[in-house]
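None of the values given here were measured: they were computed from a predicted structure. As a basis for the values below, the full set of heavy atoms in this structure was taken, side chains included, without hydrogen atoms, waters or symmetry mates.
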Amino acid sequence: MFYALIGEDVPGTLDKRLAARGEHLARLQQLRDQGRLLLAGPFPAVDSNDPGPAGFTGSLIVAEFASLADAQAFADSDPYVAAGVYAKVTVKPFKKVLP
């Protein structure tokens, strides 16, 4: 089943986000390579694909996991959590309807 992992950034942590980004992306690439990643990306803090120093307010990952507990464990071990980027991560079951 798919799960939505919604990370909310601590304000002013763009430098920490950028420092941990490589490790964060490596985990997502593993999900992609396993055919389990539906989508992933950050929420720009301003109305632009390139928010510059305004940074991001969080991220969304939608991926397939065996259970809610497995999705929560993946979210809890995200490098952005360890780096202090995420203030909170919410994990919810997700049902894909379209496309």
What distance do [X] atom [atom1] and [Y] atom [atom2] have between them, rounded to the nearest 0.5 Å?
| X | Y | atom1 | atom2 | answer |
| --- | --- | --- | --- | --- |
| L28 | L39 | CG | CG | 10.5 Å |
| F74 | Q30 | CZ | CD | 7.5 Å |
| I61 | H24 | CD1 | NE2 | 4.5 Å |
| Q72 | D70 | CD | CG | 11.0 Å |

Cut-off 3.5 Å, no hydrogens considered: what does the side-chain donor-acceptor table look like for residues 43-56, sequence neighbours left out?
from : atom 1 : to  : atom 2 : distance (Å)
S48  : OG     : D50 : N      : 3.1
S48  : OG     : D50 : O      : 3.1
D50  : OD1    : G52 : N      : 3.3

Are the side chains of R27 and S77 in contact, using a 4.5 Å heavy-atom criterion?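 The answer is yes; the side chains approach within 4.5 Å.
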Hydrophobic cluster membership, L25 vs V81, 4.5 Å side-chain cutoff: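 Same cluster: L25 reaches V81 through Ile, Leu, Val, Met, Phe, Trp or Tyr contacts under 4.5 Å.
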Is F94 reachable from M1 through a run of hydrophobic residues whose side-chain heavy atoms are each under 4.5 Å from the next?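 Looking at the clustering, F94 is in a separate group from M1.
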Test item: side-chain donor near acceptor, D33 and Q29, under 3.5 Å: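 Short answer, no.
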Applying side chain to side chain contact (heavy atoms under 4.5 Å, CB included), run through Y86 and D76 and close with a yes or a no. CA-CA 10 Å; Y86 287 159; D76 291 344; over 6 Å; no
Nearest non-hydrogen partners of V89 and A75, listed with the distance: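 So the minimum-distance heavy-atom pair works out to CG1-CB, 3.6 Å.
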Identify every side-chain donor-acceptor pair in residues 2-18 under 3.5 Å, counting partners at least two apart or on other chains, and give the distances.
from : atom 1 : to  : atom 2 : distance (Å)
Y3   : OH     : L68 : N      : 3.1
D9   : OD1    : R17 : NH2    : 2.9
D9   : OD2    : R17 : NE     : 2.9
D9   : OD2    : R17 : NH2    : 3.0
T13  : OG1    : V10 : O      : 2.7
R17  : NH1    : S59 : OG     : 3.4
R17  : NH2    : G58 : O      : 3.3
R17  : NH2    : S59 : OG     : 3.0

Looking only at atom types and distance, does a side-chain atom of R36 sit under 3.5 Å from a main-chain N or O of E64, one as donor and one as acceptor?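 Yes, the answer is positive, given that a donor and an acceptor are paired below the 3.5 Å cut-off.
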